[in-house]
Amino acid sequence: MQKLRLTRRSWLAGSAGLAAAQPGSAKTIAVASNNGLGACARAVEMMRAGQDTLDAVIAGVNLVEEDPNDTSVGYGGLPNEEGVVELDACVMHGPTRRAGAVASIRNIKYPSRVAKLVMEQTDHILLAGEGALRFARAHGFEEENLLTERARLAWMLWKRSLRDGRGHNNWMPGMDAPDSGPAARLGDLFPQADEETLAWASDVVRHPPTGTINCLGLNAKGEISGCTTTSGLAWKIAGRVGDSPIIAAGLFVDQDVGGAGSTGRGEENIRVAGGHTVVEAMRQGRSPTEACLEALRRVARNYNHDEKKLARFDLSFYALRKDGVYGSASLWKESSAGQRRQFAVNDGGPSRHEPCAFLLEGRR
Ligand code: GLY
């Protein structure tokens with residue numbers, strides 16, 4: 001077992017957002033996961049125009065839900081093991097202290113909007129599966145095929161990568177076929193796919209992503225709301241629900257304190273009720289960044305700080321305090337592809353990325 005290496009350097013790397021606002025001087029600001037530059041810009045624009053904080057963050061994440069190139073959220077998301085895109089989302093509205101969520105919903109491009117309807121138009125908080133879909137249809141949402149050709153290609157490659165105990169896979173050509181790799185033969189099924197798409201597909205087969213977008217918005221009145229939306233873990237068992245629709249895990253907002261959300265491996269987040277843990281740590285006086293690190297320490301503790309096990313996944317938290325101070329931290333400094341983890345911020349100018357603080361360096 002290896003010990004955590006929480007160095008002074010890693011701690012200092014978490015100072016993002018400290019200069020963003022002085023306590024008591026709330027400003028209009030949005031914080032999101034790495035894929036949320038556009039979401040933050042739209043959310044801030046809407047909040048500055050006087051729109052509600054929840055409407056603003058939902059409009060922000062809608063950009064990603066409808067983007068076929070983000071394969072971890074909404075339309076274009078990678079599917080479950082049966083090739084079906086299943087979406088999870090939740091919302092929390094600080095001023096009214098309400099929440100809504102949907103889990104494992106199919107065929108609906110904007111699950112965040114359905115989550116808001118659950119909050120506003122029902123006496124429940126979380127609807128799942130077929131019931132969530134019927135609820136969405138009842139409110140006028142149209143069903144759409146969310147599986148893009150790009151995502152279907154990746155799913156097909158994943159299916160073709162599986163082997164039984166004899167090294168056999170019925171989804172691959174048989175012994176009589178000319179000998180070549182699964183990616184090459186896949187080109188016959190997807191003649192439009194270029195090398196870059198095939199390389200991307202190989203990567204997501206080897207490292208199933210748990211992307212997601214979380215966006216938190218604060219207006220000048222100090223009102224705060226949040227939204228988290230995702231297509232969840234690629235190749236999951238049908239019906240698997242991650243942290244994103246779970247209030248207190250994928251998102252938590254307390255108007256008295258602030259909000260927090262998460263992206264990454266949902267199973268690990270659920271076990272520490274991460275969103276709630278971050279907000280409670282802020283309530284007790286920790287900075288947003290330190291609060292995110294505290295939740296990650298609990299995740300590491302669940303594996304007795306065994307870095308070999310912890311290296312199999314990543315998890316990031318984002319936090320926005322009621323006074324506008326914000327922060328983010330990831331379990332690992334870098335992604336499995338070696339890219340520095342970062343998050344998105346907009347406080348009135350152009351959206352920007354800032355580096356996440358991190359608990360662990362040197363992923364192996
Ligand atoms: N955080 C997204 C998921 O695990 O489904």
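One-based numbering, in listed order, for ligands and for the atoms of each. Values below: every heavy atom of this structure, side chains too, minus hydrogens, waters and symmetry copies.
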Checking heavy-atom distances from atom 2 (C) of ligand 1 to each of Ile213, Thr212, Ile270, the winner is Thr212
If you measure every N or O of Gly266 against every N or O of ligand 1, does any of those distances drop under 3.5 Å? yes
Report, in ascending order of atom number, the atoms of ligand 1 lying under 4.0 Å from any heavy atom of Gly232. 5 (O)
Does the side chain of Glu82 come within less than 4.5 Å of Trp235's, by heavy atoms? no
Mark up the atoms of ligand 1 that fall under 4.0 Å of a heavy atom belonging to Gly264, in ascending order. 1 (N), 2 (C), 3 (C), 4 (O)
Tell me whether the centres of the aromatic rings in Phe343 and Phe317 are closer together than 6.0 Å. no
With Asn107, the side-chain hydrogen bond (donor to acceptor under 3.5 Å, both in side chains) member among Glu142, Glu86, Arg137, Glu143: Glu143
Within 4.0 Å of some non-hydrogen atom of Asp243, the atoms of ligand 1 are 1 (N), 2 (C), 3 (C), 4 (O)
Does any N/O atom on Asp88 come nearer than 3.5 Å to any N/O atom on ligand 1? no
Nitrogen or oxygen of Thr263 less than 3.5 angstrom from that of ligand 1: no
Glu81 and Lys236, any side-chain heavy atoms less than 4.5 Å apart: no
Atoms in ligand 1 with a heavy atom of Leu233 nearer than 4.0 Å: 5 (O)
Can you find an N/O atom of Gly242 closer than 3.5 Å to an N/O atom of ligand 1? no
Can you list the residues that meet the side-chain hydrogen bond (donor to acceptor under 3.5 Å, both in side chains) rule with Thr229, with sequence neighbours excluded? Glu65
Tell me whether the rings of Phe313 and Tyr303 are parallel (<30°), tilted (30 to 60°) or perpendicular (>60°). tilted
Please lay out, stage by stage, how Ser244 and Asp88 fare under the test side-chain hydrogen bond (donor to acceptor under 3.5 Å, both in side chains). CA-CA 6 Å; Ser244 300; Asp88 299 333; 5.5 Å; no
Tell me whether Leu157 shares a hydrophobic cluster with Leu198, the cluster being built from Ile, Leu, Val, Met, Phe, Trp, Tyr side chains joined at under 4.5 Å. yes
Atom indices of ligand 1, in the order listed, that fall short of 4.0 Å to a heavy atom of Ser244: 1 (N), 2 (C)
Under 4.0 Å from ligand 1, counting heavy atoms only, is it the side chain of Arg240, its backbone, both or neither? side chain
